[in-house]
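Data first, discussion second: the structure below is written as C-alpha cells.
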Amino acid sequence: MEIDARGLSCPQPIIETRKAIFDKVTSFSVLVDNIAAKENVTRFAKTQHYDVVDTTTEYGWKLDLEKR
Amino acid sequence: MNVSKEKKGLIVAGSITGIISVVLVLLGNPANMGFCIACFYRDIAGALSLHSVAVVQYARPEIIGLLLGSLLISIRRKEFRPRGGSSPVIRFVISFFVMIGALVFLGCPFRMLLRLSGGDLNALVALAGFIAGIIAGSLLLNRGFTLGRSHTQSTLEGGAISGVFLALLVILLFIPSLLKFSASGPGSMRAPIIVSLSAGLIVGILAQRNRFCMAGGIRDLFLFRDSTLLLGSIMVLVAAFIMNLVTGNFHLGFTGQSVAHTDWLWNFLGMALVGYGSVLLGGCPLRQTILAGEGNSDSAMSVLGMVAGAAFAHNFGLASSAQGTTVGGRTATILGFVVITAIALVIIHAQKKEAVYGN
C-alpha cells in the first residue's frame, strides 16, 4: 500500500498516515515532497511503534513504514 | 532523559527567539512587540500607503529579515522548493480574515505569547480563544478538509515574494522618501534598522530550521498527542518572561497594557479566528512568512492576503485600539467565522462526493 501525500500541506500527510495505522496496516509507504512532512510523518510513525526507512527520490522522499 | 534532536533544536531556537524579542523592545520596539507578524504587516501596509492611519506606518525590517533569512537558509540547505497551486485564492481569503482576527485582538500568536510573557493577562483570554479555534479547525481537518495539492513551480514563481521584500528593503535603505514613517504611536517605536533586520534574519533562520509554528504546536498536541512543536512556543514564552522579569518589563494585570484592550470576549473571538484560519492554512502567520521564503507561493498568497486584510482593517475601522474594539471589527470577526466555515463545509462536502463517486 502506498499513500501519496505529495503536495499536501501540514498536517494532512500525518492524518493520512494515521488512517492507515488505525486501519492496522502493518507495512506501507508514504510519498512526501517537503522536509516538514517527512519529519512529521517519521516522528508520528515512531510514536506509533513503526520503523521508518526513507529513500530520497526525484520528487522528495519515499518513507517505508513497518510495524515493530 | 532522552531528548530528541528536534526537541533540542526547538528548545534552543525558542529560547534565542524569546530573548531577541525582548531585546528588540529594549532597543525601541513597542512593549511586548519585539515581534508581531500581524502588526508588522499592518505597519508595512501603512508604509506603502495601503492605509492611512498615521500611527502604524513603518516598513518593519524584522519581517523582511524573517523572509530573507528563511530564503537564504533554505537555499543553503537545499530546501528551497518552489511549490504552489493549492487553492491560492481561498488561502488569500482565509489569511485576510486571520489578519482581521489578529487586529481585533491586537497581535498575532507570536505577540500573544510575548504579551503573556510581559504579564498582559488579556493574552491569556486570547490564548484560550486561540486553542478553541485550533481545535475547531483540527476537527474540520479530521473530517477531510483540504486545500488540495500543491505542484512544482518555477524558481521565479517561488522566489517572487522574496524579490518583493528585497525591493522593499532597498527602498527602505536608499529611497526612504517613498515610504511613510509614523511620527507618533506604535509605528514610531522602532529598534535601529540594522538590529531589526539582523533579528529578523536570525529568527527567520531558526524558524525555518525548526519548523516553528505557534498554531502547529497546539494542533499536533490535540490531533496526535505530540508536544514536540509546542516546545518551541513554550520556550519563547519562558525566555521572554525571564528577560522581562530581569529588565523590569513584567507588569501583571489586565489594564494599562501596551497596545492592548480589555474587551475579553473579542480578545477571545479575535484570536479564535486566527487559530481557526491558521490551522486550515497549515500554519500561523509566522510559519506562512517562513514558508513563503522557502519558495511556497501558496504561503506567499497568504502573506499578500494578510497585507490586504491589514489595509482593509485600517481603512474601514475594523482594527481595535487601546480604547477597545469597533462595531466594524466585531462584525468582520463574525463574518470571518461564517466565510471560513462556509468554505470548509463546501470543501468537505465535495471531498465526500468524490470519495463516493470518484473511485
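Here is how names work: the chains are called A, B, and so on, in the same order as the sequence lines, proteins then strands, and each is numbered from 1.
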### Task
Would you give the length of the straight line joining atom CZ of B:R143 to atom CD1 of A:I15, rounded to the nearest 0.5 angstrom?
13.0 Å

### Task
Of all the heavy-atom pairs spanning B:R211 and A:A36, show the shortest one and how long it is.
CD-CB, 4.1 Å

### Task
Tell me, for B:E6 versus chain A, whether the close heavy atoms (under 4.5 Å) come from the side chain, the backbone, both or neither.
side chain

### Task
For residues B:R149 and A:A5, report the shortest heavy-atom separation together with the two atoms involved.
NH1-C, 3.8 Å

### Task
Determine the minimum heavy-atom distance between A:Y59 and B:R81, stating which atoms define it.
O-NH1, 3.3 Å

### Summary
Heavy-atom nearest pair, A:Q12 first then B:T146, reads OE1-OG1, 2.7 Å

#### Entry: Contacting moiety of A:T47, where chain B heavy atoms sit under 4.5 Å
neither

#### Entry: Part of B:R287 lying under 4.5 Å from any heavy atom of chain A
side chain

### Message
Using side-chain heavy atoms (C-beta onward) and a distance below 4.5 Å, is A:C10 in contact with B:R219?
### Response
yes

### Message
Heavy-atom count check: over 12 atoms from other residues, nucleotides or ligands less than 6.0 Å from A:K46 NZ?
### Response
no

### Query
Is it the case that more than 12 heavy atoms not belonging to B:R76 sit under 6.0 Å from its CZ atom?
no

### Message
Once rounded to the nearest 0.5 Å, what's the spacing between atom NE2 of B:H151 and atom CG of A:D33?
### Response
10.0 Å

### Summary
d(B:L223 CG, A:I14 CD1) to nearest 0.5 Å is 8.5 Å

#### Entry: Any donor-acceptor pair under 3.5 Å from B:R83 side chain to A:N34 backbone
no

### Top contributor to chain A interface from B:L291, B:N296, B:D298, B:T228 [non-hydrogen pairs under 4.5 Å]
B:T228

### Message
Side chains of A:S9 and B:R91, heavy atoms from C-beta outward: is any pair under 4.5 Å?
### Response
yes

#### Entry: Closest-packed option against chain A by number of heavy-atom pairs under 4.5 Å, given B:S150, B:G282, B:C213, B:G216
B:S150

### Task
Could you tell me whether A:R43 and B:D226 make a salt bridge, using a distance below 4.0 angstrom between a side-chain N and a carboxylate O?
yes

